[in-house]
Participant: 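Quick one: structure below, then a few questions.
Please read all numbers here as calculations on a predicted model, not as lab measurements. Every number for a ligand or one of its atoms is a count from 1 in the order of the listing. Computed from heavy atoms alone, side chains included, the values below leave out hydrogens, waters and symmetry copies.
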Amino acid sequence: MGKEKDQEMNDNSFDPYFEKRFRLMERLKDELNLSEKVYKAMLKVPRHLFVPFNYRDDAYADTPLPIGKDQTISAPHMVAIMCELLDLEEGQKVLEVGTGRGYHAAVVAEIVGEKGKVVTVERIPELAEKAREILEALGYKNVMVVVGDGSKGFEEEAPYDRIFVTASAPDVPKPLIQQLKAGGKMVLPVGNFMQNLVVVEKDEKGEVKRRTWGAVRFVPLMGEYGF
Ligand code: SAM
């Protein structure tokens, strides 16, 4: 056993799923050439506690899983890719649209740290409530869970350094562009049957450029700027 893993094992000796999480993250690190900060955040966040009890044993397979209400928790590789594309830094304020049970929000909260903040909006109250419960139990004080139509963003906490959406939109919602800071970045899936992950960048003058990363598969974004 390597020294680094030895250390991690000691820190996580109470977590029966650590070994599975470690193996998944070692694989993703190689396949996706992950940065140290995304790797460390995902190694720390216990994904098995964010899925329904009967899916715990599957939590470290690299696949989406059902979380109830016809919704899913995103596959770990997709969470990792979106975090890398967002270029997250400590201290940033980040908006997530589509909380689900809060896993992706927790990963981002690890990266932006205590000086940063994650505001996450979920339209289904039961999911938002569950996310709040899990995040609170795990001690995440820098995540604010809001129930509402996130296709309109969340004006009260705007502007944001980073915005990401975990459900596919018909197009980039205008309010999200408005709520993004100059110099900010947004990552979201766009499209219906054919979906692409899109990276939107707003420069210091407020000009917006978008590029396509590649094909993806997400649940639809509902609401005023959704489907
Ligand atoms: N972020 C989650 C995770 O940690 O894996 C995945 C969430 S799931 C793929 C997408 C979520 O977007 C669902 O929970 C769905 O209810 C939510 N959603 C869809 N349209 C929405 C909207 N207009 N506002 C807020 N949430 C929305």
Side-chain angles (χ1 to χ4, degrees), residues 21 24 28 38 41-42 44-52 55-56 58-83 85-86 88 94-112 118-135 138 140 143-158 160 162-177 179 186-192 195 197 216-227:
R21 188 161 66 250
L24 170 69
L28 291 183
V38 172
M42 291 184 67
K44 188 162 176 201
V45 178
R47 189 173 187 254
H48 62 281
L49 298 180
F50 289 85
V51 300
Y55 287 107
R56 277 194 183 176
D58 304 319
Y60 300 104
D62 188 16
T63 171
L65 290 170
I67 53 171
K69 301 280 168 191
D70 282 335
Q71 303 301 324
T72 52
I73 179 172
S74 302
H77 74 270
M78 194 39 67
V79 172
I81 287 167
M82 289 178 80
C83 286
L85 289 172
L86 278 169
L88 297 161
V94 182
L95 173 69
E96 175 186 44
V97 177
T99 313
R101 281 186 161 219
Y103 171 71
H104 202 156
V107 172
V108 173
E110 287 290 344
I111 300 172
V112 300
V118 181
V119 178
T120 178
V121 188
E122 172 56 53
R123 62 182 275 273
I124 301 175
E126 292 88 339
L127 291 179
E129 191 45 49
K130 192 74 201 170
R132 239 182 237 132
E133 187 187 311
I134 299 167
L135 290 162
L138 290 172
Y140 287 100
V143 184
M144 174 183 179
V145 181
V146 177
V147 178
D149 176 8
S151 76
K152 296 190 284 188
F154 189 64
E155 184 68 50
E156 289 88 330
E157 289 280 333
Y160 302 96
R162 300 288 185 263
I163 297 178
F164 66 105
V165 184
T166 66
S168 192
D171 200 353
V172 182
K174 280 206 181 71
L176 299 188
I177 296 176
Q179 290 171 29
M186 166 163 41
V187 174
L188 77 167
V190 173
N192 192 358
Q195 300 175 2
L197 200 60
V216 287
R217 190 84 212 135
F218 279 83
V219 294
L221 182 75
M222 310 307 281
E224 193 172 327
Y225 294 83
F227 286 102

Participant: Can you classify the ring geometry of His104 versus Phe164 as parallel (below 30°), tilted (30 to 60°) or perpendicular (above 60°)?
Facilitator: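 The arrangement is tilted - the two ring planes meet at 30° to 60°.
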Participant: Nearest to atom 4 (O) of ligand 1 by heavy atom, Met82, His104, Met78, Gln71: which?
Facilitator: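 Looking at heavy atoms only, His104 sits closest to atom 4 (O) of ligand 1.
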Participant: Which residue and non-hydrogen atom of the protein lie closest to atom 20 (N) of ligand 1, and at what distance in Å?
Facilitator: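 Answer, as residue, atom name and distance: Met222 N, 3.0 Å.
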Participant: Show, in sequence, the C-alpha distance, side-chain angles and deciding distance for Glu96 and Val108, and conclude whether the side chain to side chain contact (heavy atoms under 4.5 Å, CB included) test is met.
Facilitator: CA-CA 9 Å; Glu96 175 186 44; Val108 173; over 6 Å; no
Participant: Write out the residue and atom name of the closest protein heavy atom to atom 12 (O) of ligand 1, then the distance separating them to 0.1 Å.
Facilitator: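 Atom 12 (O) of ligand 1 sits closest to the protein heavy atom Gly98 CA, 3.2 Å.
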Participant: With the side chain counted from C-beta on, respond yes when Ile81 and Leu197 share a heavy-atom pair under 4.5 Å apart, and no when they do not.
Facilitator: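 They are in side-chain contact.
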Participant: Does atom CG of Asn192 have more than 12 heavy-atom neighbours from other groups under 6.0 Å away?
Facilitator: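 Above 12, so yes.
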Participant: Please confirm whether Ala106 comes under 4.0 Å of ligand 1, counting heavy atoms of the residue only.
Facilitator: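 False for this residue.
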Participant: Distance-only, no hydrogens or angles: does the Arg132 side chain make a donor-acceptor pair with backbone N or O of Val145 under 3.5 Å?
Facilitator: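 Yes; judged by distance alone, with no hydrogens or angles, the pair exists.
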Participant: With heavy atoms only and a cut-off of under 4.0 Å, state how Arg101 meets ligand 1: side chain, backbone, both or neither.
Facilitator: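 No part of Arg101 comes within reach of ligand 1.
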Participant: For Ser151 and ligand 1, answer yes if some heavy atom of the residue is under 4.0 Å from a ligand atom, otherwise no.
Facilitator: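 Ser151 counts as a contact of ligand 1 under the 4.0 Å cut-off.
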Participant: Counting from 1, what ligand 1 atoms have a heavy atom of Glu96 closer than 4.0 Å?
Facilitator: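 Close to Glu96: 1 (N).
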Participant: Under 4.0 Å from a heavy atom of Pro220: which atoms of ligand 1 are those, numbered in the order shown and with their elements?
Facilitator: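 Selected atoms, number and element: 19 (C).
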Participant: What protein heavy atom lies closest to atom 24 (N) of ligand 1? Include the residue and the distance to one decimal.
Facilitator: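 Among all protein heavy atoms, the one nearest atom 24 (N) of ligand 1 is Gly150 N, 2.8 Å.
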Participant: Which protein heavy atom lies closest to atom 10 (C) of ligand 1, and at what distance to 0.1 Å?
Facilitator: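 Among all protein heavy atoms, the one nearest atom 10 (C) of ligand 1 is Thr166 O, 3.3 Å.
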Participant: As an exercise, identify every atom of ligand 1 less than 4.0 angstrom from a heavy atom of Leu221.
Facilitator: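 Here the atoms of ligand 1 in question are 20 (N), 21 (C), 22 (C), 23 (N).
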Participant: Go through it in stages, so that I can follow the logic: the residues are Leu135 and Phe50, the test is side chain to side chain contact (heavy atoms under 4.5 Å, CB included), and I'd like the CA-CA distance, side-chain angles, deciding distance and then a yes or no.
Facilitator: CA-CA 9 Å; Leu135 290 162; Phe50 289 85; 4.0 Å; yes
Participant: Is Pro64 near ligand 1, meaning one of its heavy atoms is under 4.0 Å from it?
Facilitator: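 It does not, in that no heavy atom of Pro64 comes within the 4.0 Å cut-off of ligand 1.
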Participant: To which of Thr72, Val219, Thr99 does the heavy atom nearest atom 8 (S) of ligand 1 belong?
Facilitator: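 That would be Thr72.
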Participant: Side chain or backbone, does Leu127 bring an N or O within less than 3.5 Å of an N or O on ligand 1?
Facilitator: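 Not met; the criterion fails.
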Participant: Just which atoms of ligand 1 are under 4.0 Å from any heavy atom in Ile124?
Facilitator: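 Answer, ordered by atom number: 16 (O).
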Participant: To the nearest 0.5 Å, what is the distance between CD1 on Ile111 and CG on Leu88?
Facilitator: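 Atom-to-atom, Ile111:CD1 and Leu88:CG are 5.0 Å apart.
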Participant: Does the pair Leu188 and Val190 meet the rule for a side chain to side chain contact (heavy atoms under 4.5 Å, CB included), with working shown?
Facilitator: CA-CA 6 Å; Leu188 77 167; Val190 173; 3.9 Å; yes
Participant: Can you tell me which residue and heavy atom of the protein come closest to atom 17 (C) of ligand 1, and the distance to 0.1 Å?
Facilitator: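 Minimum-distance protein heavy atom for atom 17 (C) of ligand 1 reads Glu122 OE1, 3.4 Å.
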Participant: Do Tyr160 side-chain atoms and Phe154 backbone N/O form a donor-acceptor pair below 3.5 Å?
Facilitator: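 Present.
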Participant: For ligand 1, note which part of Ile73 has a heavy atom under 4.0 Å away: side chain, backbone, both or neither.
Facilitator: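 The answer is both, backbone and side chain.
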Participant: Suppose we screen for salt bridge (Lys or Arg N to Asp or Glu O under 4.0 Å). Which residues come up paired with Lys69, at least two apart in sequence or across chains?
Facilitator: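 For Lys69, the residues satisfying salt bridge (Lys or Arg N to Asp or Glu O under 4.0 Å) (neighbours in sequence not counted) are Glu126.
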Participant: Could you state the interatomic distance from CE (Met78) to OG1 (Thr63), rounded to the nearest 0.5 Å?
Facilitator: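 Reported value, rounded in 0.5 Å steps: 12.0 Å.
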Participant: Pick whichever of Lys69, Glu126, Arg123, Glu224 has a heavy atom sitting closest to atom 21 (C) of ligand 1.
Facilitator: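 It is Arg123 that holds the nearest heavy atom.
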Participant: Show the atoms of ligand 1 that are less than 4.0 angstrom away from any heavy atom in Gly148.
Facilitator: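 So the atoms of ligand 1 that pass are 24 (N), 25 (C).
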Participant: Verify, without hydrogens or angle tests, whether Thr166 (side chain) and Gly98 (backbone) share a donor-acceptor contact under 3.5 angstrom.
Facilitator: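 Yes, because the side chain of Thr166 sits within donor-acceptor range (under 3.5 Å) of the backbone of Gly98.
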Participant: Answer with side chain, backbone, both or neither: which part of Ala105 has a heavy atom less than 4.0 angstrom from an atom of ligand 1?
Facilitator: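 The answer is neither.
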Participant: Who passes salt bridge (Lys or Arg N to Asp or Glu O under 4.0 Å) against Glu156, sequence neighbours left out?
Facilitator: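 Partners of Glu156 under the salt bridge (Lys or Arg N to Asp or Glu O under 4.0 Å) test: none.
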Participant: I'd like to know if the side chain of Tyr225 and the backbone of Asp149 have a donor-acceptor N/O pair within less than 3.5 Å.
Facilitator: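 Here the side-chain-to-backbone pair does not exist.
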Participant: Which heavy atom of the protein is the closest neighbour of atom 5 (O) of ligand 1, given with residue, atom name and distance?
Facilitator: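 Going by distance alone, atom 5 (O) of ligand 1 is nearest to Ser74 N, 2.8 Å.
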Participant: Which atoms of ligand 1 sit under 4.0 Å from any heavy atom of Val121?
Facilitator: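 Contacts of ligand 1 toward Val121, numbered from 1: 25 (C), 26 (N).
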Participant: What are the atoms of ligand 1, with element, lying closer than 4.0 Å to any heavy atom of Tyr103?
Facilitator: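 So the answer, numbered in order with elements, is 4 (O).
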